[in-house]
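This report concerns only the one structure given below.
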Amino acid sequence: MKILLVALHYHHYTLAIAEEFRALGHQVSLQDIQPRTFARKALRTLAPRVGAWDLDQHHRAILRRERDKAYDMVLFIQVHQMKRAVFDHFRASFPDARFVLYNWDSIENHDYRGHSDGFDDVFTFDPGDAAQYGFKYLPLFCVRQFQFEEDPRETAKGVYFVGNLVKIPRYLAIAEFRDYCEQRGIPFKTHLATTPPVKAALVKAGHVPRGLASGPIAKDDFIAMMKSVNATFDFANHEQTGFTMRVIENLCAGKKIITSNALVRDADFYSPDRFHVFEGTNFEGVAEFLDTPLAHPEEKFEEYRIQAFARHLIEGTSHPIARPGDL
């Protein structure tokens with residue numbers, strides 16, 4: 001199968017999806033739907049109208065490069081960045097292709113409904129959106145590099161967090177959790193990346209920024225941090241019912257998960273030895289949770305691996321276990 005993949009390049013995940021398709025024997029042409037170079041980010045911020053024009057020209061250039069090729073599937077991972085008229089040109093240029101959309105944001109965060117009728121299949125990571133709009137539910141995935149073979153029972157007690165700081169509530173929750181851990185002698189390792197405007201907003205709100213990084217963590221450092229402790233801290237940046245990449249990756253890696261998302265209690269993978277749900281900044285019970293051994297440490301959760309994710313997109317099938325109606 002020949003696949004045109006038009007996708008947001010988010011960390012290493014888009015490249016991993018393309019590589020998984022290739023591992024299945026498919027040919028893939030990968031195009032970035034929204035280049036996030038420093039110059040283009042600055043243009044979108046300082047001159048939004050010019051930035052929108054530039055992005056539109058970028059999309060039209062992709063179509064010019066690809067339209068004379070024959071594709072069996074055209075897969076978009078996010079589409080709201082593209083004008084509907086330009087998307088319609090894509091659809092007309094590949095009349096025999098199956099058009100598929102996958103969204104790893106909720107409609108609350110990015111509304112893509114204006115494009116959805118142009119696709120043969122629409123998948124979303126958000127079970128609430130899937131149930132409300134009739135889309136196919138497909139949760140996020142664990143890439144191969146986090147599919148650890150080590151016995152989780154041999155990992156030291158502690159918690160780690162790697163993520164981006166976009167909104168102040170995430171910083172406050174992490175800061176209070178750090179205080180909780182320090183008071184109880186629980187190791188808490190973090191890499192919280194942010195930008196100067198967010199730092200300025202913290203200061204303006206009366207906070208003294210602590211433990212912030214200016215860029216992403218190196219992949220090897222990320223894996224080393226992840227392997228060094230037995231649990232992770234999860235506090236979502238946005239309103240959503242879908243599970244974050246952090247939840248799925250750590251589930252498959254055999255980690256315990258401390259999360260603000262109460263919906264995990266309704267998921268097929270939930271068990272109280274793997275998940276501790278907190279409300280607000282009430283972390284009561286976390287220390288005891290970290291001391292509780294996993295009942296089934298051998299569980300690999302293979303249906304949440306990227307191998308299964310790629311297969312569902314190719315086959316057009318929803319996730320077979322975690323159906324939207326079950327959440």
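The structure presented is a predicted model; accordingly, all values stated were derived computationally and were not measured.
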[X] side chain to [Y] main-chain N or O, any donor-acceptor pair under 3.5 Å?
X    : Y    : answer
D234 : I258 : no
D129 : S106 : no
H191 : G215 : yes

Practice task
Answer with yes or no after comparing the ring centroid distance for F269 and F275 against a 6.0 Å cut-off, counting only values under it.
Solution key: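 Distance test on ring centres: under 6.0 Å, yes.
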
Practice task
Taking the six-membered ring for Trp and the single ring otherwise, decide whether the centroids of Y133 and Y112 are under 6.0 Å apart.
Solution key: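 So the answer is no for these two rings.
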
Problem - Evaluation steps, ring-ring contact (aromatic ring centres under 6.0 Å, His included), between F235 and F177 - result: CA-CA 11 Å; F235 186 89; F177 185 70; over 10 Å; no

[X] [atom1] to [Y] [atom2] distance, which is reported to the nearest 0.5 Å:
X    : Y    : atom1 : atom2 : answer
L140 : M245 : CG    : CE    : 4.5 Å
F188 : I174 : CZ    : CD1   : 6.0 Å
I306 : R144 : CD1   : CZ    : 8.0 Å
S228 : K189 : OG    : NZ    : 3.0 Å

Is the closest side-chain heavy-atom distance between [X] and [Y] below 4.5 Å?
X    : Y    : value
H276 : I257 : no
Q81  : L8   : yes
H110 : N103 : no
M1   : L24  : no
Q145 : K219 : yes
D126 : I107 : no
L202 : L212 : yes
L4   : M73  : no

Problem - From CA spacing to verdict: side chain to side chain contact (heavy atoms under 4.5 Å, CB included), V100, F76 - result: CA-CA 6 Å; V100 180; F76 279 77; over 6 Å; no

Between [X] and [Y], which heavy-atom pair has the shortest distance, and what is it?
X    : Y    : answer
A253 : M226 : CB-CE, 3.7 Å
A267 : F243 : CB-CZ, 3.9 Å
A201 : I168 : O-CD1, 3.8 Å
V264 : Y270 : O-CB, 2.9 Å
H319 : E303 : NE2-O, 3.2 Å
R84  : G114 : NH1-O, 2.7 Å

Show which side-chain atoms of residues 149-162 pair as donor or acceptor with protein atoms under 3.5 Å away, not counting sequence neighbours.
| unit_1 | atom_1 | unit_2 | atom_2 | d |
| --- | --- | --- | --- | --- |
| E150 | OE2 | K227 | NZ | 3.0 |
| D151 | OD1 | R153 | N | 2.9 |
| D151 | OD1 | R153 | NE | 3.0 |
| D151 | OD2 | R153 | NE | 3.3 |
| D151 | OD2 | R153 | NH2 | 2.8 |
| K157 | NZ | D291 | OD1 | 3.2 |
| Y160 | OH | N250 | OD1 | 2.8 |
| Y160 | OH | N250 | ND2 | 3.2 |

Exercise for the section: Indicate, with yes or no, if L30 and W104 share a hydrophobic cluster defined by side-chain heavy-atom contacts under 4.5 Å among Ile, Leu, Val, Met, Phe, Trp and Tyr. Expected result: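 Per the 4.5 Å side-chain linkage, W104 and L30 are co-clustered.
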
Problem - Hydrophobic cluster identity match, I62 and V79, side-chain contacts under 4.5 Å - result: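 Per the 4.5 Å side-chain linkage, I62 and V79 are co-clustered.
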
May I ask you to check whether over 12 heavy atoms, not counting those of [X], lie within 6.0 Å of atom [atom1]?
X    : atom1 : value
E279 : CD    : no
K83  : NZ    : no
K69  : NZ    : yes

Output a table of donor-acceptor pairs, distance under 3.5 Å, between side-chain atoms of residues 90-99 and any protein atom two or more places apart or on a different chain; print 'none' if there are none.
| unit_1 | atom_1 | unit_2 | atom_2 | d |
| --- | --- | --- | --- | --- |
| R91 | NH1 | G118 | O | 2.6 |
| R91 | NH2 | D120 | OD1 | 3.4 |
| R91 | NH2 | D120 | OD2 | 3.1 |
| S93 | OG | H89 | O | 2.7 |
| R98 | NE | D121 | OD2 | 3.0 |
| R98 | NH1 | L313 | O | 3.4 |
| R98 | NH1 | I314 | O | 3.1 |
| R98 | NH2 | D121 | OD2 | 3.1 |
| R98 | NH2 | L313 | O | 2.9 |

Problem - Under-4.0 Å salt bridge between E182 and R210 - result: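 Between R210 and E182 there is a salt bridge, with a charged N closer than 4.0 Å to a carboxylate O.
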
Exercise for the section: Determine the interplanar angle of the F283 and F233 rings, folded into 0 to 90°, and report it as parallel if under 30°, tilted if 30 to 60°, perpendicular if over 60°. Expected result: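 F283 and F233: perpendicular rings.
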
Exercise for the section: Using the six-membered ring wherever Trp is involved, compare the ring planes of H115 and F87 and label them parallel, tilted or perpendicular (cut-offs 30° and 60°). Expected result: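 H115 vs F87 ring planes: perpendicular.
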
Exercise for the section: Take Y102 and L138 through the test side chain to side chain contact (heavy atoms under 4.5 Å, CB included) and record every step on the way to the result. Expected result: CA-CA 8 Å; Y102 183 79; L138 185 60; 3.8 Å; yes

Exercise for the section: Give the C-alpha distance, both sets of side-chain angles, the deciding distance and a yes or no for side chain to side chain donor-acceptor pair (under 3.5 Å) between Q27 and R22. Expected result: CA-CA 6 Å; Q27 299 177 39; R22 294 180 181 122; over 6 Å; no

Problem - Residues C252, F146; criterion side chain to side chain contact (heavy atoms under 4.5 Å, CB included); working and verdict - result: CA-CA 7 Å; C252 293; F146 299 135; over 6 Å; no

Quick one: do the [X] and [Y] side chains pair a donor with an acceptor below 3.5 Å?
X    : Y    : result
Q147 : Q307 : yes
Q78  : D105 : yes
K136 : T124 : no

Problem - side chain to side chain donor-acceptor pair (under 3.5 Å): pairs with one or both residues in residues 5-18, sequence neighbours excluded - result: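 Counting only pairs at least two positions apart or across chains, the side chain to side chain donor-acceptor pair (under 3.5 Å) contacts touching residues 5-18 are Y13-E249.
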
Exercise for the section: Applying side chain to side chain donor-acceptor pair (under 3.5 Å), run through E66 and Q31 and close with a yes or a no. Expected result: CA-CA 10 Å; E66 300 286 355; Q31 301 289 342; 2.8 Å; yes

Problem - Verdict with supporting geometry, T194 and N164, side chain to side chain donor-acceptor pair (under 3.5 Å) - result: CA-CA 6 Å; T194 192; N164 297 318; over 6 Å; no

Exercise for the section: Output, in order, the C-alpha distance, side-chain angles, deciding distance and verdict of side chain to side chain donor-acceptor pair (under 3.5 Å) for N261 and T259. Expected result: CA-CA 5 Å; N261 190 345; T259 181; 5.5 Å; no

Practice task
Could you please spell out the steps behind the salt bridge (Lys or Arg N to Asp or Glu O under 4.0 Å) verdict for E20 and R311?
Solution key: CA-CA 9 Å; E20 206 59 47; R311 187 181 69 250; over 6 Å; no

Practice task
Given side chain to side chain contact (heavy atoms under 4.5 Å, CB included), test L5 with V74 step by step and report yes or no.
Solution key: CA-CA 6 Å; L5 175 53; V74 178; over 6 Å; no

Problem - Ring-face cation contact, F301 with R305, 6.0 Å cut, 45° max - result: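 The answer is no; the distance or angle limit is not met.
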
